[in-house]
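Not measured: the values here are computed from a predicted model. Heads up: numbering here begins at 1 and tracks the sequence.
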Amino acid sequence: QVQVIESGGGLVQAGGSLRLSCVVSGGSFSTYSMGWFRRAPGKEREFVASISWNGGSTRYADSVKGRFTIFRDNAKNTVSLQMNSLKPEETGVYYCSRIVAVTRAPLGSWGQGTQVTVSS
């Protein structure tokens with residue numbers, strides 16, 4: 001059983017920054033590709049960023065390239081998302097998940113997520 005706990009969300013003004021963290025337990029974290037996803041109000045959950053098992057490969061949604069950075073610490077079983085220059089439309093609940101490396105499809109069940117609110 002793989003479990004994830006997301007944290008680090010909060011309320012920020014447009015242009016501000018947040019760092020999200022995801023702690024993974026119950027599996028072999030260092031072998032997993034991981035991803036961050038988000039669900040904005042009234043919208044489908046969407047892919048935000050992913051990172052390979054060793055951190056050597058990252059991918060980002062076009063909308064966040066240059067502003068967001070995904071990274072991981074395998075010694076601590078964590079994957080983080082640094083979000084800079086946040087926009088109001090990026091308000092939503094952010095989730096982390098183990099993913100299929102090639103397709104970036106999420107695996108397993110979703111955690112509670114962490115709320116990010118960007119005010120204008």
Side-chain angles (χ1 to χ4, degrees):
Q1 295 182 340
V2 176
Q3 297 180 344
V4 298
I5 301 177
E6 301 96 339
S7 63
L11 174 64
V12 298
Q13 292 184 321
S17 298
L18 284 173
R19 180 175 291 182
L20 308 183
S21 181
C22 173
V23 180
V24 182
S25 63
S28 184
F29 175 77
S30 62
T31 70
Y32 299 159
S33 292
M34 298 292 298
W36 282 95
F37 302 78
R38 67 188 177 196
R39 186 193 296 275
K43 296 184 178 181
E44 295 275 303
R45 198 189 312 265
E46 66 176 353
F47 168 80
V48 176
S50 65
I51 188 166
S52 60
W53 66 273
N54 63 353
S57 180
T58 58
R59 297 286 187 274
Y60 298 92
D62 288 343
S63 62
V64 308
K65 287 181 179 177
R67 297 185 298 113
F68 289 15
T69 303
I70 187 170
F71 58 98
R72 67 192 296 159
D73 185 341
N74 283 355
K76 297 181 179 180
N77 283 17
T78 61
V79 58
S80 301
L81 184 69
Q82 177 67 44
M83 306 185 294
N84 297 329
S85 302
L86 282 161
K87 304 174 181 179
E89 59 264 35
E90 292 173 318
T91 289
V93 180
Y94 284 66
Y95 305 86
C96 68
S97 178
R98 180 187 177 191
I99 62 168
V100 177
V102 175
T103 66
R104 302 188 292 279
L107 292 169
S109 59
W110 298 105
Q112 294 296 315
T114 185
Q115 176 70 44
V116 171
T117 303
V118 185
S119 65
S120 58

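- Distance check: Glu6 CD to Cys22 SG gives 5.0 Å after rounding to the nearest 0.5 Å.
- Between the OG atom of Ser120 and the CD atom of Glu89 there is a distance of 9.5 Å, given to the nearest 0.5 Å.
- Considering every non-hydrogen atom in both Ser119 and Leu11, the closest pair reads CB-CD1, 4.4 Å.
- Ring centroids of Trp110 and Phe37 are separated by less than 6.0 Å, placing the two rings close together.
- Between Glu44 and Arg39, none of the side-chain N atoms (NZ, or NE/NH1/NH2) sits under 4.0 Å from a carboxylate O, so this pair counts as no salt bridge.
- Judged purely by atom type and a 3.5 angstrom limit, Arg72 uses its side chain to pair as donor or acceptor with the backbone of Ser52.
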**Request:** Kindly indicate, with the supporting measurements, whether the criterion side chain to side chain donor-acceptor pair (under 3.5 Å) is fulfilled by Arg59 and Ser57.
**Result:** CA-CA 7 Å; Arg59 297 286 187 274; Ser57 180; 3.2 Å; yes
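- In terms of heavy-atom proximity, Trp53 sits nearest to Asn74 at O-ND2, 3.1 Å.
- Ser21 places no side-chain N or O within 3.5 Å of a backbone atom of Gly8 that could act as its donor or acceptor partner.
- Follow the hydrophobic side-chain contacts under 4.5 Å out from Ile99 and you never reach Val4; the two are in separate clusters.
- The backbone N or O of Phe71 sits nowhere less than 3.5 Å from a side-chain atom of Ser80 that would complete a donor-acceptor pair.
- Using a 4.5 Å heavy-atom threshold, the side chains of Tyr32 and Val2 count as touching.
- By the criterion of side-chain heavy atoms lying less than 4.5 angstrom apart, applied directly or through intervening Ile, Leu, Val, Met, Phe, Trp or Tyr residues, Ile70 is not grouped with Ile5; the two fall into different hydrophobic clusters.
- Both Val118 and Leu18 are members of a single hydrophobic cluster when ILVMFWY side chains are connected at heavy-atom separations under 4.5 Å.
- Panel note: side chain Thr114, backbone Gly9; a donor-acceptor pair is recorded below 3.5 Å.
- Hydrophobic cluster membership is shared by Ile51 and Tyr60, with clusters built from Ile, Leu, Val, Met, Phe, Trp and Tyr side chains linked at under 4.5 angstrom.
- Under the 3.5 Å distance criterion, the side-chain polar atoms of Asn77 are left unmatched by any main-chain donor or acceptor of Ser30.
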**Message:** Walk me through whether Met83 and Val116 qualify under side chain to side chain contact (heavy atoms under 4.5 Å, CB included).
**Reply:** CA-CA 10 Å; Met83 306 185 294; Val116 171; 3.9 Å; yes
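- Between Asp73 and Thr78, the side chains place no donor N or O within less than 3.5 Å of an acceptor N or O (distance only, hydrogens not considered).
- One distance of note links CD of Gln13 with OG1 of Thr117; it measures 13.0 Å at 0.5 Å rounding.
- For the pair Arg104 and Phe47, the cation-pi criterion (under 6.0 Å, within 45° of the ring axis) is fulfilled.
- A cation-pi arrangement, defined by a distance under 6.0 Å to the six-membered ring centre and an angle within 45 degrees of its axis, is absent between Arg38 and Tyr95.
- Nearest heavy atom pair, residue Ala49 against residue Leu81, reads CB-CD1, 4.1 Å.
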**Request:** Step by step, work out the side chain to side chain contact (heavy atoms under 4.5 Å, CB included) result for Phe29 and Met34.
**Result:** CA-CA 9 Å; Phe29 175 77; Met34 298 292 298; 3.7 Å; yes
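- Atom CD of Gln112 is surrounded by 12 or fewer heavy atoms from other residues, nucleotides or ligands within 6.0 Å.
- Phe68 and Val79 fall within a single hydrophobic cluster, where Ile, Leu, Val, Met, Phe, Trp and Tyr are joined by side-chain heavy atoms under 4.5 Å apart, directly or via other members.
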**Prompt:** Which is it for Ser17 and Gln82 under the side chain to side chain contact (heavy atoms under 4.5 Å, CB included) test, yes or no, and what are the steps along the way?
**Reply:** CA-CA 8 Å; Ser17 298; Gln82 177 67 44; 4.0 Å; yes
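- The pair Glu90-Arg67 counts as a salt bridge, with a side-chain nitrogen and a carboxylate oxygen less than 4.0 angstrom apart.
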